[in-house]
Amino acid sequence: MRRRTAALLTGSPPVVQGWRPDHYLRCLDRLPGVERAPVLGVGSVCRPQVGGADGVLRVVDTLDQALGDAPARLHLYGVKSEAMHALRDHPRVASVDSQAYGQTARRAAFLAGQSKTDAFLARRMVAFQRRQVALLAEPGQGARSPFFPVALPESPADPIEARVAAAADELRALHEDGEVEWGDLGPLAAFHWAFMDDLPDPEAAAEAA
């Protein structure tokens, strides 16, 4: 990584974005002085796989090596439970967050034909937090660097197929976390999940009426 001399960014933590590890490196290279920031945001890692050549573990590994002895630590946006467990002891990772409970609450409310009230969302959030605490307490191999994950199979060439395939992976991960039922893992559910954000929000429609 080319190092540049510039004033340290102040205010909100700087954030690097991307899909593949090299995307994050290009973003890192274009943020002068960012390696001296106390916290560097890494957004969002909710879509990529956990392992694999372009997975979350590889992204963290790549950024960790690029930052070298720099003090910057990472805040990971949208981390899946499996990645939380794998990265829980990583010295470069300062904190993580996830909005999985919000997505599943929205979907559950939509399927039930009811509003996603604050109370409804809060119950999902508490249940999600308890699952994460229990998961992090389970024994595991702990963080290691580099991860050297195995390569992923090639993604579907068709953009719609790729979107549905990514949605199916998300649903499987959510099922492992206890967020969705086994019956929600079919092709139709994956298609609905992939394009759910394109559907009109019933709450917004009700407020506008």
Side-chain angles (χ1 to χ4, degrees), residues 15-28 41-63 74-87 96-116 120-121 124-125 128 131-132 135 147 149-206 208:
V15 178
V16 291
Q17 301 275 1
W19 182 262
R20 301 195 308 267
D22 59 296
H23 295 167
Y24 289 93
L25 287 182
R26 287 203 300 270
C27 195
L28 186 66
V42 182
S44 166
V45 291
C46 62
R47 289 280 180 179
Q49 297 281 343
V50 175
D54 296 330
V56 178
L57 302 186
R58 177 61 79 184
V59 169
V60 171
D61 187 35
T62 300
L63 287 172
L74 306 178
H75 172 80
L76 309 179
Y77 292 97
V79 176
K80 296 177 181 177
S81 300
E82 183 184 349
M84 286 187 194
H85 189 262
L87 294 167
V96 300
D97 68 35
S98 176
Q99 232 282 316
Y101 69 89
Q103 290 286 347
T104 54
R106 179 186 173 192
R107 184 170 186 273
F110 181 84
L111 293 177
Q114 65 180 85
S115 296
K116 189 185 72 175
F120 185 90
L121 180 61
R124 291 276 173 166
M125 182 174 63
F128 176 81
R131 277 193 292 272
Q132 304 317 305
L135 178 64
F147 283 101
V150 297
L152 290 174
E154 292 186 6
S155 300
D158 183 270
I160 294 180
E161 290 183 7
R163 191 168 174 179
V164 174
D169 289 336
E170 289 183 36
L171 285 173
R172 280 193 291 272
L174 290 170
H175 172 67
E176 292 173 0
D177 294 339
E179 290 290 325
V180 298
E181 301 297 330
W182 175 258
D184 291 331
L185 301 184
L188 185 59
F191 187 87
H192 179 273
W193 185 264
F195 297 97
M196 183 175 64
D197 290 338
D198 297 341
L199 298 173
D201 190 329
E203 288 187 53

Within-4.5 Å side-chain heavy-atom neighbours: T104 and F128: no
Atom pair CZ (R106) and CG (L111), whose distance is rounded to the nearest 0.5 Å: 11.0 Å
Candidates V42, D97, V15 - the one meeting side-chain contact (heavy atoms from CB on, under 4.5 Å) with H75: D97
Side chain to side chain contact (heavy atoms under 4.5 Å, CB included) partners for A105, two or more places apart: K116, F120, L121, R124
Any L28 side-chain heavy atom under 4.5 Å of L63 side chain: yes
Atom of W19, atom of Y24 and distance for their closest heavy-atom approach: N-CE1, 4.0 Å
Side chains of L87 and V96 in contact at under 4.5 Å (non-hydrogen atoms): no
Partners meeting salt bridge (Lys or Arg N to Asp or Glu O under 4.0 Å) with D22 (sequence neighbours left out): R20, R26
S98 and M84, any side-chain heavy atoms less than 4.5 Å apart: yes
